[in-house]
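Below: the structure, in structure tokens.
Naming convention: chains lettered A, B, ... in sequence-line order (proteins, then strands); numbering from 1 in each chain. All values reported here derive from a predicted model rather than from experimental measurement.
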There are 2 protein chains.
Amino acid sequence: MALQPVSASRPATIHDIAALCGVAPSTVSRALSTPDRVNIRTRERIQAAAVELNYTPNSQAKALSSGKTGAVGVLVPDITNPFYFDLIRGTQLQLKAAGYTQLLVDTEESDEVEASAIQQLRKSADGLIVGASRLTDEALLAARAAMPLVAINRDVPDVPAVIIDTPAATGQALDHLISLGHTKVAYVSGPVSSQSNARRWDALSLASEERGIEVVKLGPFAPKTQSGAAAADTAVHSGATACIVFNDLIAIGMLQRLRERGVRVPGDMSIVGCDDIFGADFCNPPLTTMSSPIEQAGRVAVTMLLAQLDPLRGGGARSRSVMPTHLTVRASTAAAPST
Amino acid sequence: MALQPVSASRPATIHDIAALCGVAPSTVSRALSTPDRVNIRTRERIQAAAVELNYTPNSQAKALSSGKTGAVGVLVPDITNPFYFDLIRGTQLQLKAAGYTQLLVDTEESDEVEASAIQQLRKSADGLIVGASRLTDEALLAARAAMPLVAINRDVPDVPAVIIDTPAATGQALDHLISLGHTKVAYVSGPVSSQSNARRWDALSLASEERGIEVVKLGPFAPKTQSGAAAADTAVHSGATACIVFNDLIAIGMLQRLRERGVRVPGDMSIVGCDDIFGADFCNPPLTTMSSPIEQAGRVAVTMLLAQLDPLRGGGARSRSVMPTHLTVRASTAAAPST
DNA sequence: AATCGACTGACAACCGGTTGCCATCACGTG
DNA sequence: CACGTGATGGCAACCGGTTGTCAGTCGATT
């Protein structure tokens, strides 16, 4: 595509094209959106004029009359959480490929902000992708009833969702720690309103029971590096020799605090993070963590949403997609200290 | 605000309210947007009905008739670059406070994508914030002529801009390295299309001349951690004992590569990054870098843009804002190795 | 009491498209 | 040659608001 300069004059409308070609505006509309409905010669004249006038359809007007906005809202609790970077990139790529615009909203980890954003977006978006919703099951179901929606990391019956299966990986993480000789493990938990957190803890306590090992729950902690200091102190005090941490942000914060306190990682304490975010590979020591295909999850969510929007093309749309997760072992885990 | 459940029925319009109150739609419109224009009793009846019907104005329709979209486009070259996280958060916060919606677009470091995004946004946004534009000066000026716009880190006459003054900090960085005894310094450069890169190099070569020290230019390299490997190898080969690097992403990548190669940082080679992004404080070793008030830059850009949009309120709107930058010394710089 | 103007509400046009419906026309068929 | 048919283009209503204009009401002024 040639680099069209942005002209300063008023953008062209279908009326301008119509006047230039001596046809009715409705014919222009058809020539551009339902080409078969118009004689080929007229159509070509119109298309040429459209190019000449550098015509771009007004998306507002289009949305108003057709009811389709061509936009999809993407809600995330915290834009600055690197976890969501990859998610956002995934949705952005896939939406763009399908000709949709992404409306990104930061819900600030608040159910109220989230609810009002959804309300707002009912008019301005065709569908929604909701990351780690803080809404109640009922509210999410209601939202789903009002408009096409795909949840990410939120498991509610009848709400289409992409689930990153970190609970399954917690078993792997625990086995990894057991194989290193750890006998007392702590789970450093995230926000209470996070369903991922609950699911992960459930899976972990079940797994620990099966394996006959003690796992204590610490927290909750906010999913930020700054929370890592408090988490680290609590972990040390708990007497555990290894921690499975809600996410890498907290884990990285713990790493820093532990170093300050002279607690060696992994010598004195092993740390397992979750998500394998940007930074997990170059922090000190590099973090053993549960790797998630986050960007792919974003792409899958978009695909599922578009299938809802356009059932014809979507075909056999899945309403639930579970993304596998695996443990990436780096240098923050090692044999338990000998007592 | 109460948590309004999202209802499944068709959203209410001013016509619904009008019917309920037995007035004309135009009166409803005025009651809500020009309250003074309507008798207080009618107004209150209408407002009550609006609340009861859970009315939300249709932003598309509003945009179409009023010409104001209530949205601002924010263009960044790469969403997954942590530098832009902070910028995005800054713009998001400030825009939201002013009642605007943020339309985030990733231009993929491409001038073509950027130009077409701007073209697209002319209709759907009231103004634009363009981060690190890849456009030519002329194209950017033309865009500015077509719609309100604030550039970030792009210095073009007559284009309002927020400039993060990293060039000034390069002098500090160089002095820091000189004081540590370094005599051969390399500048690891970023993309050729980046104006920040050019400005930084200019400032650096000027400063080096004044101080009578040799600075060689390496690169260009893409602003990604993956480029760090190539950059590190080139830097080692150049014989320099210290590098000032285009940004922290490349610098962090270099850190990793240098460790792999057994080159000690800062023992054998000192590294200075730029931007102080997420991760610069916890990489290994923690990075000496030029800290920028990035989130603040985003907020300032929004303020400047809103002043353009609403000259009445904006008052004495500045058309250029320079954000100071300072050197944050961490552990990636130390005395030059004795030969 | 007549005049004036402020206040208030309704009507209708408009923003830029989409779409149902109808009129026209050319063509093929019986 | 009359008729049916499909292709093609125009008209007008509509999406949900905004806004200019006008008419009616009412109190105040002279």
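- Proximity note for A:Ser29 (side chain, C-beta onward) versus C:dT18, D:dT18, C:dG16: the nearest is C:dT18.
- Rounded to whole Å, atom P of C:dG9 lies 15 Å from atom CD1 of B:Ile17.
- In this entry the distance linking CG of B:Leu64 with P of C:dG16 reads 7 Å, nearest Å.
- Counting to the nearest Å, the P atom of C:dG17 and the CG atom of A:Asp16 are 9 Å from each other.
- A:Lys68 has its NZ atom 14 Å from the C1' atom of D:dC15, to the nearest Å.
- In this structure, A:Gln60 atom CD and C:dG17 atom C1' are separated by 11 Å, rounded to whole Å.
- Residue-level contact check: B:Thr13 touches the backbone only, with heavy atoms under 4.0 Å from sugar-phosphate atoms and none from bases.
- Within 4.0 Å (heavy atoms only), B:Val28 reaches no atom of the nucleic acid at all.
- You'll find a donor-acceptor pair under 3.5 Å spanning the side chain of B:Ser26 and the base of C:dC11, going by distance alone.
- Checking B:Arg37 against B:Pro57, the closest nucleotide of DNA chain D that is more toward the 5' end is the one next to B:Pro57.
- Under 4.0 Å is where a charged nitrogen must lie from a carboxylate oxygen, and between B:Arg30 and B:Asp36 no such pair does.
- Dashed line: the shortest gap from a side-chain N or O of B:Ser66 to OP1 or OP2 of D:dT18 is not under 4.0 Å.
- Ranked by how close their nearest DNA chain D nucleotide is to the 5' end, B:Pro11 and A:Ala24 are led by A:Ala24.
- Salt bridge B:Asp158/B:Arg144: absent, no basic N to carboxylate O contact under 4.0 Å.
- With distances taken from any side-chain atom of A:Val23 to the nucleotides C:dA10, C:dG9, D:dG10, the minimum falls on D:dG10.
- For C:dT8, the OP1/OP2 oxygens have a side-chain nitrogen or oxygen of B:Asn39 closer than 4.0 Å.
- The separation between B:Leu32 atom CG and C:dG9 atom C1' is 15 Å, rounded to whole Å.
- Between A:Leu103 and A:Val74, the closest side-chain pair of non-hydrogen atoms is not below 4.5 Å.
- More than 12 heavy atoms of other residues, nucleotides or ligands sit less than 6.0 Å from atom CG of B:Asn39.
- Regarding A:Arg41, its CZ atom lies at a distance of 18 Å from the P atom of C:dC25, rounded to whole Å.
- Just one of B:Gln102, B:Gln94, B:Lys96 meets the side-chain contact (heavy atoms from CB on, under 4.5 Å) condition when paired with B:Val302; it is B:Gln94.
- For A:Ile46 and D:dG10, the CD1 to C1' distance is 12 Å, given to the nearest whole Å.
- Backbone-only engagement by A:Thr42 is indicated by non-hydrogen atom pairs under 4.0 Å involving sugar-phosphate atoms exclusively.
- Distances were taken from every side-chain heavy atom of A:Arg30 (C-beta onward) to each of C:dG16, C:dC21, D:dG20; the shortest belongs to C:dC21.
- With A:Arg134 as reference, A:Glu109 is the one residue of A:Gln195, A:Glu112, A:Glu114, A:Glu109 to meet the side chain to side chain donor-acceptor pair (under 3.5 Å) rule.
- If you find the closest nucleotide of DNA chain C to A:Ala12 and to B:Asp36, the one lying nearer the 5' end belongs to B:Asp36.
- Distance from the side chain of B:His15 is smallest for D:dG16 among the nucleotides C:dT19, D:dG16, D:dG9.
- Dashed line: the shortest gap from a side-chain N or O of B:Thr27 to OP1 or OP2 of C:dA10 is under 4.0 Å.
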